[in-house]
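Data first, discussion second: the structure below is written as structure tokens.
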Protein chains: 2
Amino acid sequence: MADMTDKAGVLERWISQARKGYFEMLLLARLQAGRAYGYQIVASLKQVPGFENLAEGTVYPVLTRMRNDGLVTAEWVAEDSGAPRKYYTTTQFGAEVLAEMKAIWAAMSAALDAQEVTS
Amino acid sequence: MADMTDKAGVLERWISQARKGYFEMLLLARLQAGRAYGYQIVASLKQVPGFENLAEGTVYPVLTRMRNDGLVTAEWVAEDSGAPRKYYTTTQFGAEVLAEMKAIWAAMSAALDAQEVTS
DNA sequence: CAAGATATATAGCAATGCATAGTAGTTGCT
DNA sequence: AGCAACTACTATGCATTGCTATATATCTTG
């Protein structure tokens with residue numbers, strides 16, 4: 001429960017909300033930069049500020065949903081050494097959706113700045 | 001139910017998620033630009049792209065929560081004409097929190113762009 | 001006075017996502 | 001053989017949001 005001046009508490013709750021939506025876009029952007037497998041994605045995105053504690057249980061359901069939506073495809077790849085890995089790749093459709101997401105995100109940022117001036 | 005290539009459907013669901021968190025920040029930014037009352041805020045934010053259908057039932061609960069968190073204060077003001085209005089103003093604490101929200105938002109945007117390069 | 005615009009507020013609902021935690025299998029090292 | 005690290009995935013529960021609908025009251029206008 002957030003105290004009246006518990007900045008960390010207020011921000012923490014806000015971040016957990018702000019992450020929604022953003023995370024899917026971030027994940028899509030990560031795959032757009034090059035195919036990757038689940039475990040690698042988790043390790044990679046853990047380095048993004050605010051995602052230090054990213055769990056696999058968060059990533060896999062999103063990957064499944066994105067595959068159902070046709071944003072990405074998955075493909076098993078047998079490696080020279082180690083267990084086979086499931087690589088995810090963005091589809092053409094996924095690339096288009098990502099572009100629109102980014103445009104909307106940019107519009108949101110612009111609307112935010114616009115408030116400052118509009119007295 | 002989103003079809004495999006139903007771009008509008010996919011984006012719509014994404015936007016409804018991306019709005020979370022963003023809306024609170026937008027509202028705080030609006031009040032930071034100058035005090036306002038609920039009905040006015042609704043009319044004002046309806047002009048922001050993506051919020052054309054913003055409802056009062058969405059705004060008032062958020063204002064109440066923000067007041068409970070100490071981000072804003074509310075004050076009844078008797079008008080020369082018309083019913084009295086309840087004006088909301090950001091507190092010092094609210095201004096600090098808004099600044100941090102914006103910083104986090106900017107960091108998120110930066111992390112998004114960073115993905116493109118990191119192959 | 002009646003109708004409509006203005007203004008604030010709450011209750012209930014549907015949808016969603018995230019985190020925790022656990023399952024299961026493989027590979028490599030000692 | 002045994003253990004740690006790697007890899008993929010699922011289930012459940014919690015918390016939250018935003019919308020719809022509703023209630024209430026005042027003011028303005030015809």
Side-chain angles (χ1 to χ4, degrees), chain A residues 1-2 9-27 35-46 48 50-69 72 74-88, chain B residues 1-2 9-27 35-46 48 50-69 72 74-88:
Chain A
M1 206 63 61
V10 172
L11 282 173
E12 204 166 324
R13 195 196 49 206
W14 178 77
I15 290 173
S16 83
Q17 290 304 318
R19 257 205 296 255
K20 297 178 196 291
Y22 172 76
F23 176 65
E24 184 163 348
M25 179 172 53
L26 179 69
L27 183 46
R35 73 170 194 178
Y37 56 95
Y39 200 81
Q40 177 187 23
I41 293 169
V42 175
S44 153
L45 293 187
K46 270 185 177 174
V48 174
F51 290 88
E52 293 81 6
N53 299 323
L54 184 65
E56 295 149 29
T58 301
V59 174
Y60 285 108
V62 177
L63 284 172
T64 301
R65 192 177 63 234
M66 280 169 43
R67 200 176 28 175
N68 289 337
D69 287 342
V72 303
E75 178 191 19
W76 283 103
V77 174
E79 305 288 335
D80 287 346
S81 77
R85 292 160 170 168
K86 200 183 208 174
Y87 280 89
Y88 294 86
Chain B
M1 203 63 63
V10 171
L11 283 171
E12 205 166 325
R13 197 195 46 206
W14 177 76
I15 289 173
S16 84
Q17 289 304 316
R19 256 206 295 257
K20 296 179 194 291
Y22 172 77
F23 176 65
E24 186 163 347
M25 178 172 54
L26 179 69
L27 182 46
R35 73 170 192 178
Y37 56 95
Y39 202 80
Q40 177 186 23
I41 293 170
V42 174
S44 154
L45 294 188
K46 269 185 178 175
V48 173
F51 289 88
E52 292 82 5
N53 300 323
L54 184 65
E56 295 150 29
T58 301
V59 173
Y60 285 110
V62 176
L63 285 172
T64 301
R65 192 177 63 232
M66 280 168 46
R67 199 176 31 175
N68 289 338
D69 287 343
V72 302
E75 179 191 17
W76 282 103
V77 174
E79 305 289 336
D80 287 345
S81 77
R85 291 160 171 167
K86 199 181 210 175
Y87 280 88
Y88 294 87

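Please read these numbers as outputs of a predicted model, since none were measured by experiment. In the text below, chain A, chain B and the rest are named by the order of the sequence lines, each starting its count at 1.
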In this structure, how many angstroms lie between the P atom of C:dA7 and the CD atom of B:E75, rounded?
17 Å
Whole-Å distance, A:Q17 CD to C:dA19 C1', equals 13 Å
For B:E56 and C:dT10, give me the distance from atom CD to atom P, rounded to whole Å.
13 Å
Taking the nucleotide of DNA chain C with the closest heavy atom to each, which residue, A:G21 or B:Y87, is nearer the 5' end?
B:Y87
How would you give the extent of chain A contacts on DNA chain D, as first and last nucleotide 5' to 3' within a 4.0 Å heavy-atom cut-off?
D:dC6 to D:dT17
Counting the atoms with a prime plus P, OP1 and OP2 as sugar-phosphate, which does A:G38 contact under 4.0 Å by heavy atoms, base, sugar-phosphate, or nothing?
sugar-phosphate
Pairwise distance CD(B:Q40) to OH(B:Y37) - rounded to 0.5 angstrom:
5.0 Å
Within the structure provided, determine whether A:E24 and B:Q17 are in side-chain contact (heavy-atom separation under 4.5 Å).
no
Starting the side chain at C-beta, find the nucleotide from C:dC18, C:dA7, C:dA9 nearest to B:Y88.
C:dA9
Any donor-acceptor pair under 3.5 Å from B:E52 side chain to B:G50 backbone:
yes
Rounded to whole angstroms, how far apart are CD on B:E12 and C1' on C:dT16?
15 Å
Side chain to side chain contact (heavy atoms under 4.5 Å, CB included) for B:L63 and B:I41? Distances and angles first, verdict last.
CA-CA 10 Å; B:L63 285 172; B:I41 293 170; 4.3 Å; yes
A:Y39 has an atom OH; how far is it from atom C1' of C:dT27, in whole Å?
13 Å
Between C1' of C:dT26 and CZ of A:R85, the distance in whole Å:
12 Å
Would you verify whether the NZ or CZ of B:R65 falls within 45 degrees of the ring axis of B:Y60 while also being under 6.0 Å from that six-membered ring's centre?
no
Residue-phosphate contact under 4.0 Å: A:T58 side-chain N/O, C:dA19 OP1/OP2
yes
Is a side-chain donor or acceptor of B:W76 paired with a backbone partner of B:K86 at a separation under 3.5 angstrom?
no
Regarding B:Q40, tell me which of base, sugar-phosphate or nothing describes its non-hydrogen contacts under 4.0 Å with the strands shown.
nothing
Rounded to whole Å, CD1 of B:I15 lies from C1' of C:dG17 at a distance of 17 Å
Residues B:L45, B:V48; criterion side chain to side chain contact (heavy atoms under 4.5 Å, CB included); working and verdict:
CA-CA 5 Å; B:L45 294 188; B:V48 173; 4.1 Å; yes
On DNA chain D, more 5' by nearest nucleotide between B:N53 and A:Y60 is A:Y60
If I take atom NZ in residue A:K86 and atom P in nucleotide C:dA24, what distance separates them, rounded to the nearest angstrom?
18 Å
Residue-phosphate contact under 4.0 Å: A:R65 side-chain N/O, C:dG17 OP1/OP2:
yes
